[in-house]
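Every number for a ligand or one of its atoms is a count from 1 in the order of the listing. No experiment lies behind these values; they were computed from the predicted model shown.
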Amino acid sequence: MPLPTDRIELNVIDSHTGGEPTRTIIGGAPALTGETIAEQIAELEADHDWIRTALTHEPRGYEAMVGALLLHPDNSDAVARVVFFNNVGYLGMCGHGTIGVAATLAYLGNISPGEHLLETIVGDVIFTLHEDNRVSFANVLSYRYRQSVAIDTPSFGKLTGDIAFGGNWFYLCNDHGLEISMNNLEQLRLCGREIRQTLDAAGIGGAEGGIIDHIELVGPPNREDADAVNYVYCPGGEYDRSPCGTGTSAKLACLAAAGKLAPGDTWRQESVTGSLFEGTYQPSGDKIVPRIMGEAFVTAETKVVIDPIDPLTFGFRH
Ligand code: PYC
């Protein structure tokens, strides 16, 4: 990866959505020559991947950090174009990140309550900033692809789960037998990792070769106002601190396919940290359009200094 030799300063705003961080770059990034968002992501990956590693890896970031690079939109009706990334690469859709970016744009005074359009790699996403600071967005078409897929894991034995798409591919498992709480993170992580490895080893994936890189363990809620609690194991080995926007969409798709939630009814999804998203859906053919609602708060406004004299300036992982 080519690395810059001059000192660079990036202006970033940090936020969290139900505990899950979003670090939004609002200035200082090198200009990209690509026109489409796909070309721009390819360019970031090939020539400027140090932005991702410097912001999400230690010492500035940590394994759960998700970054968002704001770019000029193509469509003049859009408020921004956004590229999401994490500790291991560039993301498709990111629900908590969409809410975090919306809160950041509101903090900057760039948007007021109402509907707004964001350009993303998976298409245009329309979000609503509500008067009470909450943000809702219509996610990409979501669907259950396979039901009750059996696997055999080394430590947790035989498990079953549905495979569903909610902007990322998920394996949703209910029969893991684990308590989903912050007291049980080690077991939850181990279970998530083993399911991921078992699916990969067995060649079990999503439609059209989609890689199932998110594992969602679901259980009875800890909160009285929630319908279920989840632990979402993410591609880089970390867990989502929020209820996961794409994971909640995948859950809605499974509920809809099983006839367990009617269109327009609200599903309250609790995260392992105790935060909450609300989800509803409308059918669209044999798929659904999920609508996810959550809240994000700005935590810092920072100038990130990337100075090549620092041997760890581009970040490190363990
Ligand atoms: O909210 O969709 C989401 C998400 C995916 C990974 C982390 N958060």
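- Side chains of Thr22 and Thr24: a donor-acceptor N/O pair is absent below 3.5 angstrom, by distance only.
- Exactly one of Glu194, Gln187, Arg193 qualifies for a side chain to side chain donor-acceptor pair (under 3.5 Å) with Ser155. That residue is Glu194.
- Side-chain contact check for Asp49 and Tyr90: at least one donor-acceptor pair (N or O, by modelled atom type) lies under 3.5 Å.
- For the pairing with Phe127, the side-chain contact (heavy atoms from CB on, under 4.5 Å) check across His116, Met293, Arg291, Glu115 returns one residue only, His116.
- Residue, atom and distance of the protein heavy atom nearest to atom 6 (C) of ligand 1 are His214 NE2, 3.8 Å.
- Residue Asp240 places at least one N or O, backbone or side chain, under 3.5 Å from an N or O of ligand 1.
- Heavy-atom contacts of Gly245 reach the following atoms of ligand 1: 1 (O), 2 (O), 3 (C) (cutoff under 4.0 Å).
- For ligand 1, the atoms closer than 4.0 angstrom to any heavy atom of Gly95 are 1 (O), 2 (O), 3 (C).
- Annotation: His96 places an N or O atom under 3.5 Å from an N or O atom of ligand 1; distance criterion only.
- For the residue pair Thr313/Arg60, the side-chain donor-acceptor check at 3.5 Å is satisfied.
- Of all heavy-atom pairs between Pro290 and Ser142, the closest is CG-OG, 3.2 Å.
- Using a 4.0 Å cut-off to heavy atoms of Cys94, the atoms of ligand 1 that qualify are 2 (O), 4 (C), 8 (N).
- Residue contacts with ligand 1 for Thr246 involve both N, CA, C or O and side-chain atoms from C-beta outward (heavy atoms, distance under 4.0 Å).
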